Student: 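Sharing a structure, written as structure tokens. Questions coming.
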Amino acid sequence: MSSNPVAETVASLMPAAKADLTELVAFKSVADFGQYPRVESEGAANWIADALRAEGFQDVALLDTPDGTQSVYGFLPGPEGARTVLLYAHYDVQPPLDEAAWTTPPFELTERDGRWYGRGTADCKGGLVMHLLALRALKANGGVPVSVKVIVEGSEEQGTGGLERYAEEHPDLLTADTIVIGDVGNFRLGLPTVTSTLRGMTLVRVRIDTLEGNLHSGQFGGAAPDALGALIRVLDSLRAKDGSTTVDGLTGDARWEGLRYDEEAFRQDAKVLDGVELIGSGSVADRIWARPAVTVLGIDCPPVVGATPSVQAGARALVSLRVPPGTDAVEATKLLQAHLEAHTPWGARVSTEQIGQGQPFRADTSSPAYTAMAEAMAVAYPGEEMQSAGQGGSIPLCNTLASLYPSAEILLIGLSEPEAQIHAVNESVSPDELERLSVTEALFLQKYAAS
């Protein structure tokens, strides 16, 4: 990185950033209180509130959102007449899955091979540390030139919409000229990237019942309708032979115009096993950024160990559908539910329940804020130009903010590049990426204030 006072300051602050992230990662802040105690999330929220107060933020508050979780808010006033920038991150994390599969404990930040490992290091506790680093660097180099609002969500991973509903009920709270969402990542480590589109999502629980109770498979099997077999038929109907998503009435042939994603690079990023084919048709970018994608997240049925020779009376599954820009998530949910019901065989009883939903998002990349971000990235990443990519994941709050504040510019950056392996075991963050993106954000705020 070229010599720059902001860059030099951020470099000097990296040990403190590591200490902060170590403390944050230690909170098991999974916003599913059936899995992890609520006190873990509350502890993380209070840590963040204290950190904001230490940086001079005013009006710091723990917001009780309608889904039973807390988001953390703070306001740092800038010079009189300055623009307002909202910085977003979330402190809740995905469960660690199989803790035994982690090389090091998931809730202990561990440095290994030049990366920092731990659940939430990249997604998205590291995003909060990025914001703090940028602001600290600015304070050491002439001050923060804009007014800053920070909002740190407590249930983003659950898709339960608490902060979206809270923002709708308090529309003045998060109003800003520009919004920086720190919850995505560069297309490739070291390649500065803004995310210009996000797929939305919907979660639907489907249940199938066929019998009053389980039956002996020898005595009744062959004629008694098997609920688990019916569920398997239904779930199979959601994919074509090549693996493409097939939900009746849902278009799946859109094309991505922009940054290309090499198929071999994708195989390496996704760690696809040798000899296993990728699914779907079209380019990789088409499939993961521009088209719908269905995933069966879980099935309730007997485990193999301890299973008895029985015809199953009931079974259920949780189905996720990623919704591309240009498709309404509410309509996609209706189509998915109708598909599940229409493809249930044998007259089995079927019920569906929508339990989570978020709209897709498309940014205006021609705005002045994007120009300022491109200039900042050119300094933080010498020799590289800012790229614009899609993101297959969802950040439901984006569309809520776009609806509430239609004149606000929304930019998406972050630490979740492919090597971070977010949501998987051994999630990690590159400290070099954290440093460069913190410099980027600080320079962006300076350039945006002067534009």
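Predicted model, so just to flag it, every value in this text is computed and none were measured. Every heavy atom of this structure was used, including side-chain atoms; hydrogens, water molecules and symmetry mates were not.
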Student: Throw together a table of side-chain donor-acceptor distances under 3.5 angstrom for residues 296-306, partners on residues two or more places apart or in other chains.
Tutor:
| unit_1 | atom_1 | unit_2 | atom_2 | d |
| --- | --- | --- | --- | --- |
| D300 | OD2 | R316 | NE | 2.4 |
| D300 | OD2 | R316 | NH2 | 3.1 |

Student: Above 12 or not: heavy atoms from other molecules or residues under 6.0 Å from CZ of R112?
Tutor: yes
Student: Do any N or O atoms from the side chain of T333 and from the backbone of A329 form a donor-acceptor pair under 3.5 angstrom?
Tutor: yes
Student: When the ring centroid of F107 is compared with that of F27, is the distance short of 6.0 Å?
Tutor: no
Student: Any side-chain donor-acceptor pair under 3.5 Å between D286 and S283?
Tutor: yes
Student: Between the main-chain N or O of P95 and the side-chain N or O of Y36, is there a donor-acceptor pair closer than 3.5 Å?
Tutor: no
Student: For I410 and A363, which heavy atoms make the closest approach, and how far apart are they?
Tutor: O-CB, 3.9 Å
Student: Looking at side-chain heavy atoms only, is the closest gap between L135 and F57 below 4.5 Å?
Tutor: yes
Student: Are there more than 12 heavy atoms of other residues, nucleotides or ligands under 6.0 Å from atom CZ of R165?
Tutor: yes
Student: Would T197 and F361 count as a side-chain contact (heavy atoms from CB on, under 4.5 Å) if you check the C-alpha gap in whole Å, the side-chain angles of each, and the deciding distance to 0.1 Å?
Tutor: CA-CA 5 Å; T197 67; F361 171 79; over 6 Å; no
Student: Does any part of the side chain of F444, heavy atoms only, come nearer than 4.5 Å to the side chain of L411, both counted from C-beta?
Tutor: yes
Student: Any idea which heavy atoms bring A224 and L215 closest together, and the distance?
Tutor: CB-CD1, 3.9 Å
Student: Salt bridge (charged side-chain N to carboxylate O under 4.0 Å, His left out) with K334: which residues, sequence neighbours excluded?
Tutor: none
Student: Does any non-hydrogen side-chain atom of L21 lie less than 4.5 Å from one of V429?
Tutor: yes
Student: Does the pair D50/R53 count as a salt bridge with the N-to-O cut at 4.0 Å?
Tutor: yes
Student: With a 3.5 Å cut-off and no angle check, do the side chains of Y381 and E433 form a donor-acceptor pair?
Tutor: yes
Student: Contact between P292 and V323 at the side-chain level, heavy atoms closer than 4.5 Å - yes or no?
Tutor: no
Student: Could you walk me through whether S41 and S29 satisfy the side-chain hydrogen bond (donor to acceptor under 3.5 Å, both in side chains) test, starting with their C-alpha distance in whole Å, then the side-chain angles of each, then the deciding distance to 0.1 Å, before giving a yes or no?
Tutor: CA-CA 4 Å; S41 289; S29 50; 5.1 Å; no
Student: Apply the side-chain contact (heavy atoms from CB on, under 4.5 Å) test between L340 and each candidate in I208, L231, L238, L335; give the one that qualifies.
Tutor: L238
Student: Decide yes or no for L415 and I422: does some side-chain heavy atom of the first lie under 4.5 Å from some side-chain heavy atom of the second?
Tutor: no
Student: Tell me, with the steps shown, if L133 and L437 meet side-chain contact (heavy atoms from CB on, under 4.5 Å).
Tutor: CA-CA 9 Å; L133 265 175; L437 282 168; over 6 Å; no
Student: Start with the C-alpha gap between R207 and D209, add the side-chain angles, then the distance that decides, and say whether salt bridge (charged side-chain N to carboxylate O under 4.0 Å, His left out) holds.
Tutor: CA-CA 7 Å; R207 179 178 182 88; D209 294 286; 3.0 Å; yes
Student: For residues Y166 and D64, is any side-chain donor paired with an opposing acceptor at under 3.5 Å?
Tutor: no
Student: Yes or no on side-chain contact (heavy atoms from CB on, under 4.5 Å) for T22 and E108, after CA distance, side-chain angles and deciding distance?
Tutor: CA-CA 7 Å; T22 298; E108 293 180 17; over 6 Å; no
Student: Say whether S310 and N214, considering side chains only, have a donor N or O and an acceptor N or O under 3.5 Å apart.
Tutor: no
Student: Could you check if a side-chain atom of E353 sits within less than 4.5 angstrom of a side-chain atom of V204, using non-hydrogen atoms only?
Tutor: no
Student: side-chain contact (heavy atoms from CB on, under 4.5 Å) for T308 and H216? Distances and angles first, verdict last.
Tutor: CA-CA 9 Å; T308 61; H216 190 288; over 6 Å; no
Student: Check whether any side-chain heavy atom of F33 sits under 4.5 Å from a side-chain heavy atom of T69, and report yes or no.
Tutor: yes
Student: Return the CG to CG distance between L109 and D20, rounded to the nearest 0.5 Å.
Tutor: 11.0 Å
Student: For H90 and E153, test the side chains for any donor-to-acceptor distance below 3.5 angstrom and give the result as yes or no.
Tutor: no
Student: When you look at CD of E277, are more than 12 heavy atoms from neighbouring residues, nucleotides or ligands closer to it than 6.0 Å?
Tutor: no
Student: Check the side chains of T295 and S320 for a donor-acceptor pair under 3.5 angstrom, ignoring hydrogens and angles.
Tutor: no
Student: If you compare all heavy atoms of V247 against all heavy atoms of H339, which two are closest, and at what distance to 0.1 Å?
Tutor: CA-ND1, 3.7 Å
Student: Measure across I179 and A408 and return the closest heavy-atom pair with its distance rounded to 0.1 Å.
Tutor: CD1-CB, 4.2 Å
Student: Has S237 got a side-chain atom pairing as donor or acceptor with V234's backbone, closer than 3.5 angstrom?
Tutor: yes
Student: Hydrogens and angles aside, do H343 and D248 bring a side-chain donor and acceptor to less than 3.5 Å of each other?
Tutor: yes
Student: Do Q387 and L191 have side chains that approach each other closer than 4.5 Å (heavy atoms only, starting at C-beta)?
Tutor: yes
Student: Would one find more than 12 heavy atoms of other residues, nucleotides or ligands at under 6.0 Å from atom CD of E169?
Tutor: yes
Student: Determine whether K125 and E427 satisfy the following criterion, salt bridge (charged side-chain N to carboxylate O under 4.0 Å, His left out), listing intermediate values before the conclusion.
Tutor: CA-CA 12 Å; K125 293 175 177 179; E427 176 184 346; over 6 Å; no
Student: Quick one: do Q421 and N426 satisfy side-chain hydrogen bond (donor to acceptor under 3.5 Å, both in side chains)? Show the steps, please.
Tutor: CA-CA 7 Å; Q421 293 291 289; N426 295 319; over 6 Å; no
Student: Could you report the tightest heavy-atom contact between V93 and E157, atom names first, then the distance?
Tutor: C-CG, 3.8 Å
Student: Looking at E419 and R115, is any side-chain nitrogen of the basic one under 4.0 Å from a carboxylate oxygen of the acidic one?
Tutor: yes
Student: If you round to the nearest 0.5 Å, how far is CZ of R188 from OG1 of T193?
Tutor: 9.5 Å
Student: Which heavy atom in L336 sits nearest to a heavy atom in V319, and how many Å separate them?
Tutor: CD2-CG1, 4.3 Å
Student: Apply side-chain hydrogen bond (donor to acceptor under 3.5 Å, both in side chains) to Q391 and W289, showing your working.
Tutor: CA-CA 6 Å; Q391 170 65 263; W289 296 337; 5.5 Å; no
Student: Using a strict 4.0 Å threshold on nitrogen-to-oxygen distance, state whether R349 and E341 make a salt bridge.
Tutor: no
Student: For S367 and E409, does a side-chain donor sit closer than 3.5 Å to a side-chain acceptor?
Tutor: yes
